[in-house]
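As structure tokens, the structure follows; a few thoughts come after it.
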Amino acid sequence: MARYLVVAHRTAKSPELARKLAELRSQDPVDKGPEGARLAREARFVLLVPAVPPAGWVYEEGEIQRRAKEEAEAAKAALEAQGIAIEEAKPGDVSPILALEEELMAHPGEYQAIVLATLPPRLSRWLRLDVHSQAERFGLPVIHVIAH
């Protein structure tokens, strides 16, 4: 049973991300019940939504965390409406790398891979910051999804 840390913000509700998570779920081994009965696939997904401060606004940390929590819950509902069960949705730090680091340190050894969803290269701030390459330093496979 694999547990994936899904990191996304504006792309968290995207059909591209839902398709990738469905693909990962379909590749996960089927759990066997008593007498070899096939049960549901066991892939689990935790959605981490880094907080994003509003451009040009003066803001308080509590406000952006509240907004990130709302965004995480909305993204969870959108993915679940597309057939993807999300175990937990939570806000993270403004820095996607720090958000990743904090989550992985709080739950060592619990994740088998990181799924990072970004906008296309010409639009993605995370790609300009090289988040996808930096995430590799945590020693987990990084699955990069580009959402439009």
Checking side chain to side chain contact (heavy atoms under 4.5 Å, CB included) against Val115, which of Leu5, Val7, Leu17 comes through?
-> Leu17
Go through the structure and list residues passing side-chain hydrogen bond (donor to acceptor under 3.5 Å, both in side chains) with Arg10, not counting sequence neighbours.
-> none
Taking [Y] as the starting point, is it possible to reach [X] by hopping between hydrophobic residues whose side chains are less than 4.5 Å apart?
X      : Y      : value
Ile84  : Leu24  : yes
Val131 : Leu140 : yes
Ile143 : Leu79  : yes
Val142 : Ile97  : yes
Trp126 : Val49  : no

Please report the C-alpha distance between Arg19 and Leu21 in whole Å, then the side-chain angles of each, then the deciding distance to 0.1 Å, and finally whether the side chain to side chain contact (heavy atoms under 4.5 Å, CB included) criterion is met.
-> CA-CA 5 Å; Arg19 276 195 298 276; Leu21 298 182; over 6 Å; no
Which heavy atom of [X] sits nearest to which heavy atom of [Y], and what is that distance?
X      : Y     : value
Lys76  : Ala89 : CB-CB, 3.8 Å
Pro50  : Ala8  : CD-O, 3.6 Å
Ala147 : Ser14 : CB-OG, 3.4 Å
Phe45  : Ala85 : CD1-O, 3.6 Å
Pro91  : Ala68 : CB-CB, 3.6 Å

Atom pair [atom1]/[atom2] of [X] and [Y] - distance to nearest 0.5 Å:
X      : Y      : atom1 : atom2 : value
His144 : Ser124 : NE2   : OG    : 6.5 Å
Ile64  : Lys69  : CD1   : NZ    : 15.0 Å
Arg67  : Glu70  : CZ    : CD    : 8.5 Å
Arg25  : Gln27  : CZ    : CD    : 11.5 Å
Glu87  : Leu47  : CD    : CG    : 11.5 Å
Leu98  : Met105 : CG    : CE    : 9.5 Å

Going by salt bridge (Lys or Arg N to Asp or Glu O under 4.0 Å), name the residues that satisfy it together with [X], two or more places apart in sequence or in a different chain.
X      : answer
Glu80  : none
Glu23  : Lys20
Glu88  : Lys90
Glu110 : Arg3

Does the side chain to side chain contact (heavy atoms under 4.5 Å, CB included) test come out yes or no for Thr118 and Leu116, once each step is laid out?
-> CA-CA 7 Å; Thr118 69; Leu116 180 70; 4.1 Å; yes
Stepwise, does the side chain to side chain contact (heavy atoms under 4.5 Å, CB included) test hold for Val46 with Leu48?
-> CA-CA 6 Å; Val46 173; Leu48 178 64; 5.7 Å; no
Checking side chain to side chain contact (heavy atoms under 4.5 Å, CB included) for the pair Glu101/Arg137: CA distance, chi angles, key distance, verdict?
-> CA-CA 10 Å; Glu101 183 174 34; Arg137 76 176 189 208; 4.0 Å; yes
Do Pro15 and Gln82 have side chains that get closer than 4.5 Å, going by heavy atoms?
-> yes
Do Ile86 and Val6 have side chains that get closer than 4.5 Å, going by heavy atoms?
-> no
Can any side-chain N or O of Thr11 pair as donor or acceptor with the backbone N or O of Leu119 at less than 3.5 Å?
-> no
Asp28 side chain vs Ala43 backbone, donor-acceptor pair below 3.5 Å = yes
salt_bridge(Lys13, Glu71) N-O dist < 4.0 Å = yes
Partners of Tyr111 by ring pair (Phe, Tyr, Trp, His ring centres under 6.0 Å), sequence neighbours excluded?
-> none
